[in-house]
Amino acid sequence: MEKQFPILQIIDPNGNIIDENYENEITEHLIKTFYSHMVRMRVFDRKAVSLQRQGRIGTYAPFEGQEAAQAGSALALNPDDWMFPTYRDHGAAMAFGHSLKSILLFWNGRNEGCIPPKGKNIFPPGIPIATQIPHAAGAAFAEKLKGTRNASIAYFGDGATSEGDFHEGLNFASVVKAPVVFFNENNQYAISVPFHKQMNSKTIAQKSLAYDIPGVRVDGNDVFAVYFQTMKALEAARNGEGPSLIEAVTWRYGAHTTADDPSKYRDQAKSHQRREITDPIIRLERFMKNYGFFDQVWIDMVQKEAADEIDQAIKEMEQFPAAKPGDIFDFVFAKLVWPIKQQKEEYLEMIGGDKK
Amino acid sequence: MEKQFPILQIIDPNGNIIDENYENEITEHLIKTFYSHMVRMRVFDRKAVSLQRQGRIGTYAPFEGQEAAQAGSALALNPDDWMFPTYRDHGAAMAFGHSLKSILLFWNGRNEGCIPPKGKNIFPPGIPIATQIPHAAGAAFAEKLKGTRNASIAYFGDGATSEGDFHEGLNFASVVKAPVVFFNENNQYAISVPFHKQMNSKTIAQKSLAYDIPGVRVDGNDVFAVYFQTMKALEAARNGEGPSLIEAVTWRYGAHTTADDPSKYRDQAKSHQRREITDPIIRLERFMKNYGFFDQVWIDMVQKEAADEIDQAIKEMEQFPAAKPGDIFDFVFAKLVWPIKQQKEEYLEMIGGDKK
Amino acid sequence: MRAAIKTQTLTLVQAINDALRIMLQENQNVILMGEDIGKNGGVFRATEGLQSEFGEDRVLDTPLSEAGFIGAAIGMAVNGFIPVAEIQFLGFIYPAFEQIMTHASRLRMRTMGHYTVPMVIRAPYGAGVRAPEIHCDSTEALFTHMPGIKVVCPSSPADAKGLLIAAIEDPDPVLFLEPMRCYRSSREEVPEGKYSIEIGKGKKLVEGTDVTIISWGAMIPVALKAAEEMKIQEVSCEVIDLRTLYPLDQDLISESVQKTGRTVIVHEAHSTGGVGNDVLAIINDTSFLYQKAPTERVTGFDTPVPYFGFEDYYLPTEKRVVKAIEKVLSF
Amino acid sequence: MRAAIKTQTLTLVQAINDALRIMLQENQNVILMGEDIGKNGGVFRATEGLQSEFGEDRVLDTPLSEAGFIGAAIGMAVNGFIPVAEIQFLGFIYPAFEQIMTHASRLRMRTMGHYTVPMVIRAPYGAGVRAPEIHCDSTEALFTHMPGIKVVCPSSPADAKGLLIAAIEDPDPVLFLEPMRCYRSSREEVPEGKYSIEIGKGKKLVEGTDVTIISWGAMIPVALKAAEEMKIQEVSCEVIDLRTLYPLDQDLISESVQKTGRTVIVHEAHSTGGVGNDVLAIINDTSFLYQKAPTERVTGFDTPVPYFGFEDYYLPTEKRVVKAIEKVLSF
Ligand SMILES: Cc1ncc(C[n+]2csc(CCOP(=O)(O)OP(=O)(O)O)c2C)c(N)n1
Ligand SMILES: Cc1ncc(C[n+]2csc(CCOP(=O)(O)OP(=O)(O)O)c2C)c(N)n1
Ligand SMILES: [Mg+2]
Ligand SMILES: [Mg+2]
């Protein structure tokens, strides 16, 4: 099966183009877009980890190492498409246009962080594993019924493929030919459980065969491979050809979440050594150097802009008004039902009104 | 995929051996065993349908047409293996040694019907679709842990493959290499929903690829093909090679259950015309004629023995003691807990004791 | 004088079919989903004729995959549709439990109203029709304890139609339980055309002064018969059909209990954790001093709903209700 | 004089680890299953060190598949093993809901005792630790309403150990809820070696005469603090830790309520359908005339457990309990 589903690459770890079909498609604009998004994502991610350490946000799920998978896929979307991320896909969400302030608010336990910018179809991060997969199928099917050319993308990890919802979502989508891309980030661990204990198959892409849908395996650290394969899958979806499954093979360098200690289950030194070969940003820099796009001044600017933007978002997050007790009652139903109304009134009376 | 998973046959619809590898394995004993079991199953099934019509049992799920799939697979088991049937697999259960009286009691709403004969590992028929699949994986894994050579078999329909439990059961079994055979009876309908609305794939066997386990498609109306393929899968399981998936392509001639009206969703006249080509008993008779095993006297005897045995079982079922009210309380836990004890006492007092 | 309302004589399941047809006609975004609801018209014929009238896209036969199609329905609901999903029997809702519990019911709250899930899940429930196991569960309490979803359970054809229309028009998820024992057991005059009945409002079926009987769904006929029987003994029972199980009709309950001071709750679900205890809580909270006797609960037992050979023992009977009425009277 | 019992000072999660180790040692058929319970020792370290001590076959890291491994555990339980399955957080039990509801809890009844499911499902539950959504549910009532499974919920290390051992030895399925807020919040002396505490028996933590406070799990510290506070006002509160949620300790509840006549129930689950209502039913059934005031329930609201930025509003506090005590006293 590994032969039937080879890991597609467009640039190799040394930053050389190995698939000539794409030579003309890789424009400077594309390169700079990818690079700046990936840097922005990494700066954000590291900053978020340190915010958590300082107790300024709650438990956080870092995605360092998965930037190419997230940027490449998210940037392939059209503005009106739908995104269904997990707790680890805020990189994808920010690339697709979510606000950094919102993402930080989410990680600080605030529902306000689940509200996407106006006009952006981004679901709140999926916490119960794999449950977002049928949602993506349904939202995509709705677009099909409406007769648009919009598609949806569902993100999920290698561990998520073990859940029934993965199977049911793919089966449903394949039957109704919903325009959806099932985008798997195979970072090879589900918390501590390694790939080979999660499944007996050697690839995730081959699971597409169960549904007779296209399946492909890409190097998840090659942003070009991810981008063009996602584009292809989205294009097929828009054309009425139904869903596809993409397995982006990648790795997380850090912990599962800030509450996790990866040294319990793997050698973190080795994990970091992988950077040399697999780090998606280093690889893109090599490519930029090889092909004359490397510009330290521009890179420094990108770094700085990212840092500034994130600092600004942190400020906004921290200046955000305190959580209003009344809010927990008001959004359960469109209209308060009496038990909740009564509970709200009693509670607010006890604490002396809705101003904490 | 239909090419990768051809429908294996040993005898063709005309009753000729087309796979010479098995010529020597098809002994008279085997032929007679298969034939008598299939006849017994069919006589039972028709009798049960008419019992239901007469109001002597409850809703019943007929399996006419699926006798070869059930006999061929069940007769491949060893006595100590585990069977996990659905509501449509009482044919398999009776071939494996369940008592006819028990099966009738089950269909008459009596839990006593779920108790297998001593020493026989037969689970109660699975009603919530696909839920028995993980059980079979677990029971098989238990055998592996104990170090025996016993295996388990899980029966399920084409519709069942859409449930998450199908996927989770196969994935679990593939990871722990549980000695289990996943035996699918693809009768091409889930109540009214035809195969092509159930899934986008053309075969069920190909779903094995998702788990990197062996998958095979057999003619479910060819009892030899079913038997030898099941044997092979069981043998692999006993040898530590893990699970396999068998798709037995078949057809039910009758209704989904006696509460179903198949003419609502398919042409029943056409369904019955299929008999000419596919009826597993007719096919076996053709084979017996072609190869000189046909013996009308013996066949009449088989028919008669089956009818007598079933009449006897019906008598036993109908003479079975009335349901005891106390029983609904006594088997919830090993020891009555007070709420149930209190409910039991109050109830029995009201109805004047446990004698209805 | 009120204008005459045109009516039809319908069974409960026909009334449901009527409500579905009306809503499919009226709102292009309404879409029915479920197993065997198309050509087959549903195993109880609740969707009979609707696929041929409205097409396969609006009356969708789904794969046998409750988590899959309820999950997909959530995605569709968020994206402009109003899915009305049929679960073939309430006992088969459990595979979709996670989707309902963590998404359908929470999405509005999670996103502070940005995403909402205007969907209906219809499910026949209850024992007494000699069906196989799991086909007989009455586990409404699992959903009344789930914040963010309303639970409705009509007992009559006219209520079924009006409440189902209300459920489809409700901006939030509604679990709509259909007492299958009442599907065809009686007919009544049902107004033609579109009308709706407010969710959250019960109904006084019989006015009385001595004892309040509170029930819903398939237990209503049992409650009514018991009330009838008590009339002979000159006991005046008030019979209340809750109709909505979340939110309960607190006013109706407390008003009646404050009048009679004696209450019998009848439901077929298990006693422990049953919705009867929520009624008890309302009485405790609103009508403590009016109680002349401890409330009696006549319920299914704390046992799984047994195989149908035993189900008559499990289900509350008129006799058990009468005994409870006598008990609250003689306290 | 009693013989001195050797003890160790343990946190609740350490006590659980101790109980698991003892049972793995004692009974070859005990097998632990779950996500990340092996090398990682569980996300809360409840199974720390057990895989290296007992091997991968006895402490099994499963795929991320709750229905799959609970379903498999049922098959294993029927076939001679005693699986102790860890659900990483109670909110992730929902995918396995069908397996628990239709099989684990019913198999004994279905087969009249021929097949039984001696398994334990362990799950950390509850809010207050700033965890993401769904990690904070307290939905014990979904399981107390499920016939055929017992529900246990200790609040202290010593109880946790004794009850977990009892759960593993119980011939029927037990859902064992671990208040994650108490995992490391305090230590106590826990007897060494094997001992068990009877399932179904609560415990009087504080003797009192004026008001009965009934609670369990993570709300026990809140109840205790409120009782402490009331002491200053010279109100004597009796505090009862239910410890088992099905079956409830009817005797302990009624004995205390009959003494004080005033009751406050404290739980963090949603009010409607909460186990508090089962306690109310016991009071109604056994102690009606002893009541001097309507029972007060201090509970989580009928809202999803909110994101942690809001969770302090959701969770019952000492202040809310004190207010309820004052209310039952001033009635
Ligand atoms: C239904 C469910 N079970 C368990 C968990 C706890 N959990 C959170 S993340 C995780 C591992 C997920 O692994 P994977 O799908 O590979 O995604 P990754 O975290 O590697 O991105 C687990 C077990 C959960 N969130 N939901
Ligand atoms: C979880 C669940 N959902 C729905 C049903 C209702 N139901 C009973 S049988 C059936 C169709 C099953 O089809 P298939 O798996 O092909 O088996 P067959 O009946 O054809 O043998 C359905 C939908 C059920 N029993 N369980
Ligand atoms: Mg992963
Ligand atoms: Mg079928």
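By convention in this document, chain letters (A, B, ...) are assigned in the order of the sequence lines, proteins followed by strands, and residues within each chain are numbered from 1.
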- Message: I need the residue from C:Lys150, C:Arg106, C:Met109, C:Gln28 with the largest number of non-hydrogen atom pairs under 4.5 Å to chain A.
- Response: C:Met109
- Task: Identify the heavy atoms of C:Pro247 and A:Pro339 that sit nearest to each other, and give their distance.
- Result: CB-CD, 4.0 Å
- Do the side chains of A:Phe331 and C:Thr111 get nearer than 4.5 Å, heavy atoms only? no
- Query: Under 4.5 Å between any side-chain heavy atoms of A:Cys114 and C:His114, yes or no?
  - Reply: no
- Query: With a 4.5 angstrom heavy-atom cut-off, which part of A:Glu163 approaches chain C: side chain, backbone, both or neither?
  - Reply: neither
- Toward chain A, the part of C:Glu66 with a non-hydrogen atom under 4.5 Å: backbone
- Note on the structure: Bottom line for C:Ser65: the part with an atom under 4.5 Å from chain A's heavy atoms is both
- Measure the shortest side-chain to side-chain distance between C:Leu60 and A:Phe141 over non-hydrogen atoms and say whether it is less than 4.5 angstrom. yes
- Query: Shortest non-hydrogen contact from C:Leu248 to A:Trp338?
  - Reply: O-NE1, 2.5 Å
- Item | Contact check, side chains of C:Arg58 and A:Leu145, non-hydrogen atoms, under 4.5 Å | no
- Query: What do you reckon, is NZ of A:Lys341 surrounded by more than 12 foreign heavy atoms closer than 6.0 Å?
  - Reply: no
- Message: If I measure from the heavy atoms of chain C, does A:Phe333 come under 4.5 Å with its side chain, its backbone, both, or neither?
- Response: both
- Message: Could you check whether any side-chain N or O of C:Tyr115 sits under 3.5 Å from a backbone N or O of A:Ile115, counting only pairs where one atom can act as donor and the other as acceptor?
- Response: no
- Task: Mark yes when over 12 heavy atoms from residues, nucleotides or ligands other than C:Lys204 sit less than 6.0 Å from its NZ; otherwise mark no.
- Result: yes
- Do you know which of C:Ile74, C:Ile70, C:Thr62 has the most heavy-atom pairs with chain A at a distance under 4.5 angstrom? C:Ile74
- Side chain, backbone, both or neither: which part of A:Phe84 has a non-hydrogen atom closer than 4.5 Å to chain C? neither
- Minimal heavy-atom distance between A:Val175 and C:Pro63, with the atoms involved, is CG2-CG, 4.2 Å
- Message: Using heavy-atom distances under 4.5 Å, tell me whether C:Met33 contacts chain A through its side chain, its backbone, both, or neither.
- Response: side chain
- Rounded distance (nearest 0.5 Å) linking atom CG of A:Asp330 with atom CE of C:Met112: 8.5 Å
- Side-chain contact test, heavy atoms from C-beta onward, threshold under 4.5 Å: evaluate it for C:Phe69 versus A:Glu168 and give yes or no. no
- Task: Determine yes or no for a side-chain-to-main-chain donor-acceptor pair under 3.5 angstrom, with A:Asp165 supplying the side chain and C:Ala67 the backbone.
- Result: no
- Hey, what do you get for NZ (A:Lys335) to CD1 (C:Ile199), rounding to the nearest 0.5 Å? 11.0 Å
- Item | Options A:Gly113, A:Ser152, A:Pro116, ranked by heavy-atom pairs under 4.5 Å with chain C, top entry | A:Pro116
- Message: Heavy-atom count check: over 12 atoms from other residues, nucleotides or ligands less than 6.0 Å from C:Tyr290 OH?
- Response: no
- Any idea which heavy atoms bring C:His103 and A:Pro128 closest together, and the distance? NE2-CG, 4.0 Å
- Does atom NZ of C:Lys259 have more than 12 heavy-atom neighbours, drawn from other residues, nucleotides or ligands, at distances under 6.0 Å? yes
- Determine whether the side chains of C:Gln99 and A:His135 contain a donor N or O and an acceptor N or O closer than 3.5 Å. yes
- Could you look at A:Ile133 and say if it's the side chain, the backbone, both or neither that has a heavy atom under 4.5 Å from chain C? neither
- Task: Considering non-hydrogen atoms only, spot the tightest contact between C:Arg110 and A:Pro124 and give its length.
- Result: NH2-CB, 3.6 Å
- Item | Contacting moiety of C:Leu107, where chain A heavy atoms sit under 4.5 Å | side chain
- Check for a donor-acceptor pair, side chain of A:Trp82 on one end and backbone N or O of C:Gly75 on the other, with a separation under 3.5 Å. no
- Message: Is C:Asn79 in contact with chain A via its backbone, its side chain, both, or neither, using a 4.5 Å heavy-atom distance?
- Response: both
- Task: Measure distances from A:Val332 to the heavy atoms of chain C and classify the residue's part below 4.5 Å as side chain, backbone, both or neither.
- Result: both
- Please look at C:Ile149 and chain A and tell me whether the side chain, the backbone, both or neither of the residue comes under 4.5 angstrom of a heavy atom of that chain. backbone
